[in-house]
Amino acid sequence: MKQHVMHATVYMGPGDLEFREMPVPTLGSGDLWVKVNTALTCGTDVKTYRRGHPKYDPPTLFGHEFCGVVVETGPEVAGFEPGMRVVAGNTAPCNICYYCKRGQPNLCDDLLVNLGAFAEYIRVPARIVRQNTFVVPDHLTDREAAIIEPLACVVHGQDLLHIQPGESVAIVGAGGPIGLMHLQLALRQGASPVVAIDINDKRLTVAKSLGATRTVNSRQKDPIEAVRELTEGRGADVAIECAGVKAAWLTALDVARKGARVEWFGGLPGGTQVEVDSTRVHYDELTIFGVYHLTPLTLERAFRLVCDGVIDVKPLITHEVSLANLEDGLEMMMEGKSVKVAVLP
Ligand SMILES: [Zn+2]
Ligand SMILES: [Zn+2]
């Protein structure tokens, strides 16, 4: 039976979260009402908490990675029933705009965004139900299933790079959740060597355990030197930035060889200017990719990767907090003490 009130975390602005009782929303005819089993913190949540987010308009519900159980379905829902355990993406494209028609639904002009995973219940709107919701098989834990959204972003990012077996890959910010997924995916594609660069030794230990050829703490050793040592002095064939800081964007360029593909994965605060040496881009013929979000296709593929155990999710979720203590989880991530945190209502 549907409740009339629930507990949810409301994002009031940078540094300001409110855990409070609120009325539950009305369910549309194609919507699902889902009891959240586990939500996960994400780099985007941390950035939003720290400095705001250009696409979040406070006060707003918060959190977007979750796995839960369907409690109620709208009358027009097909394929989902109460009692089913599901994971849903946080967005769905319109499929009719200029970008959707051109196969770039991640850039959809009318992207529907759903927030509210940091709550007891979440409404999954019809468009996401139809395109980006999956029934979770029994062998997956809630937290394993909940990871498909960020993994789908990583899959999208690597689709652009076309990593070939035997290519060298350098990952800047490799110890964070996104970096550890890029690392595993690059290894599965046969990349070698794969160099994990980070500033946090504890996180680098995880990268090593997941198969990084070499780990480099860039506070202790020059990452350019380290990558060159492994690539006969050239630099990496592919460099992936996933720290979301300007210095890392520049390091990714620095560790790339002539003719390399460089990907800037982590978003920077709005309006940030990045100065690039034109010589490197022109004479060294760098190809630089910006990358944003995911598509229904990469979400489905990410779900498959998790279901089949291709990506090891367990080392990515290092801590758990109760919903009321969400701020502690975000602080732990900010301080680099945790990779991802499971949030339990
Ligand atoms: Zn996320
Ligand atoms: Zn669209």
Side-chain angles (χ1 to χ4, degrees), residues 41-43 46-47 50-51 150 154 157-158 161 163 167-187 191-258 260-269 272 274-277 280 284 286 288 312 314-319 330-341:
T41 59
C42 164
V46 173
K47 277 193 287 187
R50 201 200 310 239
R51 68 189 186 210
V154 170
Q158 292 215 2
L161 290 169
I163 294 170
E167 282 196 309
S168 55
V169 174
I171 302 174
V172 185
I178 295 290
L180 293 171
M181 287 188 271
H182 269 299
L183 170 73
Q184 294 187 60
L185 212 50
L187 288 165
S192 182
V194 180
V195 188
I197 300 161
D198 205 287
I199 54 172
N200 181 324
D201 276 329
K202 221 168 120 194
R203 287 176 155 204
L204 283 171
T205 309
V206 181
K208 188 75 200 171
S209 75
L210 288 171
T213 315
R214 182 177 297 181
T215 56
V216 181
N217 186 326
S218 52
R219 286 201 170 138
Q220 287 153 19
K221 177 163 175 88
D222 180 7
I224 306 172
E225 223 172 85
V227 172
R228 285 189 182 154
E229 280 167 15
L230 284 170
T231 55
E232 290 149 353
R234 283 185 300 268
D237 297 323
V238 173
I240 303 171
E241 176 284 334
C242 35
V245 294
K246 191 166 163 176
W249 279 41
L250 298 173
T251 302
L253 292 179
D254 290 341
V255 298
R257 67 158 169 86
K258 285 191 287 185
R261 288 102 74 204
V262 178
E263 184 161 280
W264 287 332
F265 189 98
L268 304 180
T272 304
V274 177
E275 276 215 348
V276 173
D277 179 354
R280 292 248 37 223
D284 286 355
L286 294 182
I288 301 173
D312 188 358
K314 287 190 188 83
L316 306 183
I317 302 158
T318 51
H319 294 78
L330 295 176
E331 301 280 350
M332 273 193 282
M333 279 187 76
M334 268 195 245
E335 290 160 18
K337 286 182 187 156
S338 63
V339 183
K340 274 173 109 65
V341 179

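For the single chain, residues carry numbers from 1 onward in sequence order.
- Expressed to the nearest 0.5 Å, how far CG of D312 lies from CG of L180 amounts to 10.0 Å.
- Between D198 and G175 the shortest heavy-atom distance is OD2-N, 2.7 Å.
- The two residues V339 and P315 have their closest heavy-atom pair at CG2-O, 4.2 Å.
- Remark: the backbone N or O of V341 is paired with a side-chain donor or acceptor of T41 at under 3.5 angstrom.
- Distance alone, capped at 3.5 Å, places no donor-acceptor pair between the Q184 side chain and the L210 backbone.
- Using a 4.5 Å heavy-atom cutoff, the side chains of V172 and F265 are not in contact.
- Under the rule for a salt bridge (charged side-chain N to carboxylate O under 4.0 Å, His left out), the partners of E335 that lie at least two apart in sequence or sit in another chain are K337.
- The shortest heavy-atom contact between S338 and H319 is CB-ND1, 3.0 Å.
- Put simply, OG1 on T215 and CG on N200 are 11.5 Å apart, with the number rounded to the nearest 0.5 Å.
- Between atom CD of residue E167 and atom OG1 of residue T231 there is a gap of 12.5 Å, rounded to the nearest 0.5 Å.
- Looking at residues two or more places apart in sequence or on another chain, you find a side chain to side chain contact (heavy atoms under 4.5 Å, CB included) between T213 and P193, V194.
- Within a 6.0 Å radius of NZ in K221, other residues, nucleotides and ligands contribute more than 12 heavy atoms.
- The stretch residues 202-220 participates, sequence neighbours left out, in these salt bridge (Lys or Arg N to Asp or Glu O under 4.0 Å) pairs: R214-E229.
- Side-chain atoms of S168 and L230, non-hydrogen and from C-beta on, never get closer than 4.5 Å to each other.
- I197 is listed as a side-chain neighbour of V227, based on a closest heavy-atom distance under 4.5 Å.
- Residues in residues 235-255 take part in these salt bridge (Lys or Arg N to Asp or Glu O under 4.0 Å) pairs, two or more places apart or across chains: D237-R257.
- Expressed to the nearest 0.5 Å, how far SG of C42 lies from NZ of K47 amounts to 8.0 Å.
- More than 12 heavy atoms of other shown residues, nucleotides or ligands fall within 6.0 angstrom of atom CD in Q220.
- H182 is listed as a side-chain neighbour of Q158, based on a closest heavy-atom distance under 4.5 Å.
- Checking I171, L161, V262 one by one against V238, the side chain to side chain contact (heavy atoms under 4.5 Å, CB included) holds for a single residue, L161.
- Residues G179 and C242 share a closest heavy-atom pair of CA-SG, 3.5 Å.
- Residues forming a side chain to side chain contact (heavy atoms under 4.5 Å, CB included) with I317 (at least two apart in sequence, or on another chain): L40, R143, I147, V313, K340, A342.
- In terms of heavy atoms, V216 sits closest to V195 at CG2-CG1, 3.8 Å.
- For E263, there are no side chain to side chain donor-acceptor pair (under 3.5 Å) partners at least two apart in sequence or on another chain.
- Taking all atoms of both residues into account, the shortest heavy-atom contact from G173 to A243 is CA-CB, 4.0 Å.
- Here the straight-line distance linking atom CD1 of I178 with atom CG of L183 works out to 12.5 Å at 0.5 Å rounding.
- A donor-acceptor pair under 3.5 Å is formed between the side chain of D222 and the backbone N or O of I224.
- Under the 4.5 Å side-chain criterion, counting only non-hydrogen atoms from C-beta, I288 is in contact with L253.
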